[in-house]
Amino acid sequence: MNELPIRRPTPTVSVVMPVYNGDLFLRQSLDSILAQTYPDFEVIVVDDDSPDQTWAVAQKFQKRYPWLQVIRRRQVRGLSSAVICGFRHGRGRILGVMDADLQHDVALVPALLEETAHAEFAVATRRAAGGSDGKCSRFRRFGSAIATMLARFLANVPFSDPMSGFFAVRREVFESIDDGDLHPRGYKILIYLYVRAVHRFGKSAIRLRELGYHFANRQRGQSKLTASVMLDYFLMLMELRFKTPFRVARPRWSHAVF
C-alpha cells in the first residue's frame with residue numbers, strides 16, 4: 001500500500017535568502033531565524049551554483065530544518081532574479097528577503113512582518129530611528145547618499161533607504177505585478193518591485209512602513225559596489241522612469257557578487 005505524501009501546512013511567512021559562496025554563515029543565519037517566535041514560516045535559500053557549494057551545505061541542513069527549501073540555479077545569476085525566483089516558490093502570504101551574511105538583524109524580522117498588516121511594503125532602513133550604517137566607510141556612505149538621491153529623482157520612490165535589501169511585501173501585491181515578465185536589472189530589487197506596484201495600483205494604494213536597523217559589518221565576501229553594479233543601478237532607474245529598456249555596450253568591469 002502506497003503511503004500518502006506528507007502535506008506541510010501553508011506557511012504564513014516565506015523568507016528568501018539569496019546566497020553565493022555563503023556557507024560559512026548560513027548555519028548561523030538559519031539558527032538565528034529559528035530562535036525567533038514564528039507561528040509558521042519557511043526559509044527559501046536560492047543559490048546561483050556557488051563554487052563553494054553553498055547549495056550542498058544548505059541541502060544538508062534540510063534534515064534539521066523541515067521548513068527549509070533550497071533552490072540551486074545553474075544557468076541564471078543575479079541577486080534580484082534570485083529574489084524573484086524565491087518569491088515565486090514561496091507559499092507564505094508574506095514574502096520577505098534578507099541577506100544570509102549576518103549584516104541584516106534577524107531579530108527585526110517579526111516586527112517587519114507585523115508592519116505588513118498595515119502596509120504593502122515593510123522595509124528595514126538605516127535612516128529611521130534606531131538605524132545606522134554601522135562602520136561603513138565614508139566612501140560607502142557617500143555612494144549610498146548619491147544612489148538615494150538618484151532613486152528619489154528618477155524613480156520617485158519615498159524610501160528613506162531605497163538601497164535596502166531587507167524588506168517584506170504582501171504576497172497579493174507581488175502576484176499582481178508578476179506577469180511573467182519581471183526582469184530586474186542589478187541588485188536593488190526593492191525599488192524595482194515598489195515602482196512596478198505603483199504602476200499597477202497607483203501610488204496612493206501602496207502603503208509603506210519603515211523600521212530602523214543597525215547595518216552590521218561584513219564578515220566575509222566582497223562588496224557589491226563595483227562599476228558594473230553602479231551602471232546597472234542607473235540603467236534600472238532610467239528604465240523604471242521611462243518604462244523602456246536601455247541597452248549599452250558593457251565595459252569590461254568586474255562582476256558583482258552577493
Side-chain angles (χ1 to χ4, degrees), residues 3-113 116 122 124 164-169 171 174 187 189-190 213-224 256-258:
E3 295 183 359
L4 293 175
I6 298 176
R7 293 187 178 182
R8 295 171 53 201
T10 301
T12 300
V13 180
S14 298
V15 179
V16 176
M17 299 175 68
V19 296
Y20 190 79
N21 284 350
D23 66 293
L24 183 62
F25 298 111
L26 183 59
R27 173 65 172 273
Q28 189 173 344
S29 296
L30 295 176
D31 283 341
S32 297
I33 291 176
L34 182 61
Q36 306 302 316
T37 55
Y38 297 113
D40 51 293
F41 69 101
E42 67 179 354
V43 173
I44 304 172
V45 170
V46 183
D47 180 271
D48 285 355
D49 205 19
S50 295
D52 73 351
Q53 296 190 335
T54 299
W55 51 270
V57 175
Q59 287 175 344
K60 292 179 181 179
F61 290 163
Q62 286 180 301
K63 296 180 180 179
R64 176 174 179 179
Y65 307 111
W67 37 261
L68 175 62
Q69 288 192 54
V70 180
I71 300 173
R72 177 189 181 189
R73 306 196 308 167
R74 300 191 183 190
Q75 297 180 340
V76 183
R77 289 178 180 260
L79 188 146
S80 291
S81 64
V83 173
I84 296 295
C85 175
F87 280 1
R88 286 172 175 167
H89 282 81
R91 299 177 299 133
R93 61 178 181 81
I94 304 299
L95 303 173
V97 58
M98 64 178 294
D99 287 348
D101 60 7
L102 306 179
Q103 289 191 288
H104 293 159
D105 185 2
V106 176
L108 191 64
V109 173
L112 273 179
L113 302 178
T116 58
S164 178
F166 187 13
F167 64 91
V169 60
R171 181 186 187 85
F174 174 73
Y187 71 101
I189 184 63
L190 171 62
Y213 86 104
H214 176 76
F215 190 66
N217 297 331
R218 181 181 298 276
Q219 300 185 44
R220 185 194 183 197
Q222 302 175 7
S223 170
K224 306 177 185 68
V257 298
F258 59 85

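Counting from 1, the numbers follow the sequence of the chain as shown.
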Using 0.5 Å steps for rounding, measure from the CE atom of Met98 to the CG atom of Leu112. 9.5 Å
Does the side chain of Asp101 pick up a donor-acceptor pair with the side chain of Tyr20 at under 3.5 Å? no
Main-chain N/O of Arg91 paired to Glu42 side chain as donor or acceptor, under 3.5 Å: yes
In this structure, CG of Asp40 is separated from OG1 of Thr12 (nearest 0.5 Å) by 3.0 Å
Audit row: Gln62, Arg64, side chain to side chain contact (heavy atoms under 4.5 Å, CB included) steps and yes/no: CA-CA 5 Å; Gln62 286 180 301; Arg64 176 174 179 179; over 6 Å; no
Does a salt bridge link Asp48 with Arg73, judged by any charged N lying under 4.0 Å from a carboxylate O? yes
Any heavy-atom pair between the side chains of Val43 and Gln69 that's under 4.5 Å? no
Could you report the tightest heavy-atom contact between Val97 and Pro18, atom names first, then the distance? CG2-CD, 4.1 Å
For Thr116 and Arg93, test the side chains for any donor-to-acceptor distance below 3.5 angstrom and give the result as yes or no. no
If you take all heavy atoms of Gly92 and Ser14, which pair is closest and at what distance? N-OG, 2.8 Å
Testing the basics here: between Gly90 and Arg171, what is the closest heavy-atom pair and its distance to 0.1 Å? O-NH1, 2.6 Å
CD1 (Ile189) and CG (Leu79) are apart, to the nearest 0.5 Å, by 8.0 Å
Correct closest heavy-atom pair for Ile44 and His89 would be CD1-C, 3.9 Å
Under the side chain to side chain contact (heavy atoms under 4.5 Å, CB included) criterion, do Phe166 and Leu108 qualify, and how do the steps go? CA-CA 10 Å; Phe166 187 13; Leu108 191 64; 4.2 Å; yes
Locate the shortest heavy-atom distance separating Arg77 from Asp49; write the atom from each residue and the value. NH2-O, 4.1 Å
Strictly distance-based, threshold 3.5 Å: is any side-chain N or O of Thr54 a donor or acceptor partner for the main-chain N or O of Ser50? no
Gap separating the NZ atom of Lys60 from the CG atom of Leu68, nearest 0.5 angstrom: 14.0 Å
Rounded to the nearest 0.5 Å, what separation is found between the CZ atom of Arg88 and the OG atom of Ser81? 9.5 Å
For residues Pro110 and Val106, report the shortest heavy-atom separation together with the two atoms involved. CD-O, 3.8 Å
Apply the test side chain to side chain contact (heavy atoms under 4.5 Å, CB included) to residues Val45 and Leu26: give CA-CA distance (whole Å), side-chain angles for both, the deciding distance (0.1 Å), then the verdict. CA-CA 9 Å; Val45 170; Leu26 183 59; 4.1 Å; yes
Can you tell me how far CG of Leu30 sits from CZ of Phe61, rounded to the nearest 0.5 angstrom? 6.5 Å
Determine the interplanar angle of the Trp67 and Tyr65 rings, folded into 0 to 90°, and report it as parallel if under 30°, tilted if 30 to 60°, perpendicular if over 60°. tilted
Let me see the working for Val16 and Val46 under side chain to side chain contact (heavy atoms under 4.5 Å, CB included), right down to the final yes or no. CA-CA 7 Å; Val16 176; Val46 183; 4.1 Å; yes
Below 30° counts as parallel, above 60° as perpendicular, anything between as tilted: where do the rings of Phe174 and Phe87 land? perpendicular
Determine whether a donor-acceptor pair (N or O, by modelled atom type, separation under 3.5 Å) exists between the side chain of His104 and the backbone of Asp99. yes
